[in-house]
Amino acid sequence: PSAFTGALSRRSNRRVAVSLPPAHNMPSKPYENTAPYAVSGSPSDASCAATPGEAVATTRCRRREKDTHAQASLNSWKGRIVDVHTHRLDAPAGTAIINLPIETLRDPSTFQPRCGCLYSAGIHPWATTCADELDELFAGLADLLTHPDVVAIGECGLDRLRGGNLDLQTEVLLRHLTLAESYARPVILHCVRAFDLLLQIKKTQNLSVPLIVHGFRGRAALARQLLNAGFDLSFGRHYQEEAFQITPPERRWRETDMD
């Protein structure tokens, strides 16, 4: 659709190599005595100071710092995050990324993180049916992203079977990706029968943050396509064994989602 095409920028894609936690073996019990992860602030202007004639170099400097920051976020999860996406608010502290309910985006003041827990926040594509509410939800999301325990954005994405029209879903996803770049947060993606559009977005957007497709159930051919494009894959209870096996352990996650 023309709205979708117009929404995408025409920048070249740059693939970023990110080291991800080896989450293919789920431990029999949660890790213990895990300290909460803290996110440092955005790169300061002072760290990338430039004369008027160095504007381009300044932008590149800031981008490199954000790239490093997003990678450091993922590296900090190594060896302890065994459930990269769950809706269980009572998940064991320090072992899971807990997805906050949309009610928390509506009123961020209600967010009361448990000690040692890590969280993600985002607007699910199913919630895009209420277009009039989106600005309020994004304001709440930006508020939550200032909290050190909200370490990822999502789940957000595209769904051809449910939610608002696909043009609106695309616009909402692009707004998430803009926030992810601004706050240097990994993105947890929901995608149903829209991988063609997701791959197009990845190709046309100059993204530095890691992108994780959650609940992946596709075949090996699609897994290869996504991996080659720079996505990482998360597997829940149901998945294609060949797709699971061809995904490198360092780019393979496990999750419980709604289980």
Side-chain angles (χ1 to χ4, degrees), residues 20-21 23 25-39 73-74 76-130 133-134 136-157 159 162-163 172-173 176 179-180 183 185-192 209-217 232-239 253-259:
L20 299 178
N25 291 320
M26 299 283 281
S28 58
K29 60 182 180 179
Y31 293 104
E32 298 175 354
N33 302 321
T34 304
Y37 167 66
V39 179
S73 298
L74 283 185
S76 74
W77 301 354
K78 285 184 176 180
R80 61 182 179 132
I81 297 300
V82 298
D83 187 355
V84 79
H85 179 68
T86 182
H87 293 270
R88 286 184 50 201
L89 297 178
D90 62 347
T95 68
I97 306 299
I98 301 170
N99 190 224
L100 292 171
I102 195 168
E103 288 77 16
T104 310
L105 275 69
R106 292 188 177 110
D107 186 0
S109 67
T110 63
F111 179 43
Q112 297 182 342
R114 291 164 44 221
C115 181
C117 287
L118 305 178
Y119 298 88
S120 66
I123 303 168
H124 197 288
W126 296 355
T128 58
T129 54
C130 301
E133 188 184 24
L134 290 174
E136 177 187 356
L137 293 176
F138 271 110
L141 175 57
D143 191 332
L144 289 169
L145 289 173
T146 65
H147 197 287
D149 293 334
V150 180
V151 298
I153 289 178
E155 64 185 289
C156 56
D159 193 320
R162 187 172 173 182
V172 169
L173 175 56
H176 279 92
L179 283 173
Y183 288 91
R185 295 293 200 277
V187 182
I188 298 171
L189 293 164
H190 169 106
C191 190
V192 174
V209 294
L211 305 175
I212 304 169
V213 177
H214 101 84
F216 185 72
R217 301 187 185 188
D232 305 295
L233 305 180
S234 177
F235 298 86
R237 177 182 296 181
H238 304 288
Y239 56 85
W253 304 74
R254 295 306 306 265
E255 64 177 77
T256 60
D257 196 11
M258 299 293 292
D259 292 340

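Counting begins at 1 with the first residue of the sequence.
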Subject >> Reported CG-to-CG distance for the pair D149 and L118, which is rounded to 0.5 angstrom >> reply: 6.5 Å

**OP:** Considering non-hydrogen atoms only, spot the tightest contact between T110 and T104 and give its length.
**Re:** OG1-CA, 4.1 Å

**OP:** I would like to know whether L211 and D232 meet side-chain contact (heavy atoms from CB on, under 4.5 Å); could you show each step before the answer?
**Re:** CA-CA 6 Å; L211 305 175; D232 305 295; 6.0 Å; no

**OP:** Taking salt bridge (Lys or Arg N to Asp or Glu O under 4.0 Å) as the test, write out the residues that go with R237, two or more places apart.
**Re:** D259

**OP:** Specify the closest pair of heavy atoms between T129 and G163, including all atoms of both residues, with the distance to one decimal.
**Re:** CG2-C, 3.5 Å

**OP:** Working to the nearest 0.5 Å, report the span between CZ of R217 and CG of L233.
**Re:** 14.0 Å

Subject >> Given T146, D143, L100, V150, the one that forms side-chain contact (heavy atoms from CB on, under 4.5 Å) with P108 >> reply: D143

Subject >> Y119 and H147 aromatic centres sub-6.0 Å >> reply: no

Original post:
Is the closest side-chain heavy-atom distance between H214 and F235 below 4.5 Å?
Top reply: no

**OP:** Flag the pair Y239 / R254 as yes when at least one side-chain heavy-atom distance between them is below 4.5 Å, and no otherwise.
**Re:** yes

Subject >> Minimal non-hydrogen separation, G154 against S120, with atom names >> reply: O-OG, 3.4 Å

Subject >> Qualifying residues under side-chain hydrogen bond (donor to acceptor under 3.5 Å, both in side chains), relative to E136, sequence neighbours excluded >> reply: none

Original post:
What distance do D83 atom CG and D257 atom CG have between them, rounded to the nearest 0.5 Å?
Top reply: 9.0 Å

**OP:** Kindly write out the residues that satisfy side-chain hydrogen bond (donor to acceptor under 3.5 Å, both in side chains) with T86, not counting sequence neighbours, or none if the list is empty.
**Re:** T256

Original post:
Do P113 and F111 come close enough that some side-chain heavy atom pair is under 4.5 Å?
Top reply: yes

Original post:
Would you call L179 and F138 a side-chain contact if the rule is heavy atoms closer than 4.5 Å?
Top reply: yes

Original post:
Which heavy atom of A152 sits nearest a heavy atom of I188, and at what distance?
Top reply: CB-CD1, 4.2 Å

Subject >> side-chain hydrogen bond (donor to acceptor under 3.5 Å, both in side chains) against R162, all qualifying residues, sequence neighbours excluded >> reply: none

**OP:** Could you check if a side-chain atom of Y183 sits within less than 4.5 angstrom of a side-chain atom of V209, using non-hydrogen atoms only?
**Re:** no

Subject >> Spacing of CD belonging to Q112 relative to CG belonging to L89, to within rounding of 0.5 Å >> reply: 12.0 Å

Original post:
R88: what forms a salt bridge (Lys or Arg N to Asp or Glu O under 4.0 Å) with it, not counting sequence neighbours?
Top reply: D90

Original post:
Nearest 0.5 Å, what's the SG-CD1 distance between C130 and I102?
Top reply: 7.5 Å

Original post:
What's the shortest heavy-atom distance between H176 and I123, and which atoms?
Top reply: NE2-N, 3.0 Å

Subject >> Under the side-chain hydrogen bond (donor to acceptor under 3.5 Å, both in side chains) test, residues paired with D159 that sit two or more places apart >> reply: W126, H190

Original post:
Within the side chain of R185, is there an N or O that forms a donor-acceptor pair under 3.5 Å with the backbone of L145?
Top reply: yes

Original post:
So, H87 and E155: side-chain donor and acceptor under 3.5 Å apart, yes or no?
Top reply: yes

Subject >> Heavy-atom side-chain contact between I212 and L189 under 4.5 Å >> reply: no

Subject >> Minimum heavy-atom distance between L141 and A121, given as atom pair plus value >> reply: CD1-O, 3.3 Å

